[in-house]
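Following: one structure in structure tokens, then a few remarks.
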Amino acid sequence: MAHQDLSITAKLINGGVAGLVGVTCVFPIDLAKTRLQNQHGKAMYKGMIDCLMKTARAEGFFGMYRGAAVNLTLVTPEKAIKLAANDFFRQLLMEDGMQRNLKMEMLAGCGAGMCQVVVTSPMEMLKIQLQDAGRLAVHHQGSASAPSTSRSYTTGSASTHKRPSATLIARELLRTQGLAGLYKGLAATLLRDIPFSIIYFPLFANLNHLGFNELAGKASFVHSFVSGCVAGSVAAVAVTPLDVLKTRIQTLKKGLGEDVYSGITDCARKLWIQEGPSAFMKGAGCRALVIAPLFGIAQGVYFIGIGERILKCFE
């Protein structure tokens with residue numbers, strides 16, 4: 001049993017390290033994704049590069065990392081839950097261990113997606129507010145700051161000058177709407193994460209299996225890294241429409257003339273009517289660029305076995 005404990009601890013360390021390294025590398029692209037998905041009407045950003053350049057110019061280098069603290073704090077528990085849950089469900093559902101059963105793998109992925117949402121939903125909720133704040137500031141300046149219809153976090157005009165912080169937003173949400181406020185967009189998050197996991201885990205397992213090395217007992221590092229990237233990109237692009245809906249629903253402060261949505265179907269309907277089908281693929285490129293390295297790095301950390309190495313030092 002001791003070995004089992006060790007492997008779980010090692011897995012959690014691996015998941016945490018992978019999450020931290022990954023988020024640090026790709027966070028600016030994720031910020032661009034949120035802003036691109038949220039803009040409608042007169043486009044402020046032409047694309048990812050344009051968005052990052054304008055952000056860096058307007059808000060400085062660290063402006064691109066707005067909201068990263070929330071992610072860095074919560075990505076470790078999130079990844080840990082996801083990886084541990086996926087393993088747990090796989091062991092539960094696949095008795096003989098080695099026999100690859102696609103249906104069971106999908107179920108395991110599905111279970112992992114459901115467990116992880118406990119952390120993901122509030123984390124993304126806070127992250128999106130922080131990431132979008134800079135876009136709104138420009139948006140409001142551009143429109144001669146006419147009175148905004150949506151309620152802002154801080155009262156009056158101070159909100160444009162005062163930078164929102166995650167704790168401030170979380171406190172405000174809890175105070176006005178209770179826990180439900182933090183879990184706004186939970187259904188949309190599930191709708192995105194479950195299909196993602198259902199596509200990603202089996203695809204990765206099977207791609208990785210192609211490079212299985214009899215001698216080493218596992219695929220090579222490069223093969224795992226590439227498998228992680230490919231599986232991640234495919235899954236990310238596939239669920240982009242759901243991600244767009246989630247971003248729109250979770251964005252609390254809207255720019256002028258931007259819609260408020262009552263739910264997933266309402267959001268989908270308005271998007272389709274007002275912005276056309278292409279709006280559902282907003283930020284798809286960014287998503288592929290964010291997810292591929294994130295998952296590639298995660299698989300890499302796993303295969304190098306950083307967690308195991310750290311634990312060996314303490315023995």
Practice item. Describe, in one word, how the ring planes of F62 and Y65 are oriented to each other, choosing from parallel (under 30°), tilted (30 to 60°) and perpendicular (over 60°). Key: tilted

query: Within a radius of less than 6.0 Å around CE of M114, do more than 12 heavy atoms belonging to other residues, nucleotides or ligands occur?
result: no

Between V237 and M281, the two heavy atoms sitting closest are O-CE, 3.7 Å

**Request:** Please check if the side chain of Q116 supplies one atom and the backbone of I81 the other of a donor-acceptor pair under 3.5 Å.
**Result:** no

Using only heavy-atom distances, determine whether the side chains of R35 and T55 contain a donor-acceptor pair under 3.5 Å.
yes

- In terms of side-chain heavy atoms, does N208 have a donor or acceptor partner in S224 at a distance below 3.5 Å? yes

**Message:** Can you tell me how the ring of F221 sits relative to the ring of F225, calling it parallel under 30°, perpendicular over 60° and tilted otherwise?
**Reply:** tilted

Minimal heavy-atom distance between I29 and C286, with the atoms involved, is CG2-O, 3.7 Å

Hey, is the main chain of K184 close enough, under 3.5 Å, to the side chain of Q250 for a donor-acceptor pair?
-> yes

Any donor-acceptor pair under 3.5 Å linking the side chain of K270 with the backbone of V260? yes

Shortest non-hydrogen pair, Y183 vs V118, comes out as OH-O, 2.7 Å

**Study point:** Donor-acceptor pair, side chain of H223 and main chain of H209, under 3.5 angstrom
**Key:** no

**Message:** What I want to check is whether the side chains of T251 and N38 have a donor and an acceptor closer together than 3.5 Å.
**Reply:** yes

Practice prompt. Indicate yes or no for a side-chain donor-acceptor contact from K33 to the backbone of V290 under 3.5 Å, with no hydrogens or angles considered.
Written response: no

What one should report as the nearest heavy-atom pair of V26 and P293 is CG1-CG, 3.6 Å

request  = Report yes or no: do V117 and L173 belong to one cluster of Ile/Leu/Val/Met/Phe/Trp/Tyr joined by side chain heavy-atom distances under 4.5 Å?
outcome  = yes

Requested in this report: Decide yes or no on side-chain contact (heavy atoms from CB on, under 4.5 Å) for F88 and C115, but give the supporting numbers first.
Outcome: CA-CA 11 Å; F88 170 76; C115 293; over 6 Å; no

message: Does this structure show an ion pair linking E172 with K253, if we count only N-O contacts that are shorter than 4.0 Å?
response: no

Does any part of the side chain of V21, heavy atoms only, come nearer than 4.5 Å to the side chain of C25, both counted from C-beta? yes

Between L136 and K254 the two heavy atoms that sit nearest each other are CD2-C, 3.7 Å

Would you find a donor on one side and an acceptor on the other, under 3.5 Å apart, between the side chain of R287 and the backbone of A236? yes

Q. Does the side chain of T189 reach to within under 4.5 Å of the side chain of M125, using non-hydrogen atoms?
A. no

Practice task
Check whether any side-chain heavy atom of N14 sits under 4.5 Å from a side-chain heavy atom of E308, and report yes or no.
Solution key: yes

Checking R192 side chain against L245 main chain: does a donor-acceptor pair fall under 3.5 Å?
-> no

For H40 and D259 the tightest heavy-atom approach is NE2-N, 3.8 Å

Query - Flag, side chain of D50 to backbone of Y45, donor-acceptor distance under 3.5 Å - result: no

Query raised in the report: Is there a donor-acceptor pair closer than 3.5 Å between any side-chain N or O of Q39 and the backbone N or O of M44?
Result: yes

- For the pair K127 and D30, find out whether any cationic side-chain nitrogen is under 4.0 Å from an anionic carboxylate oxygen. yes

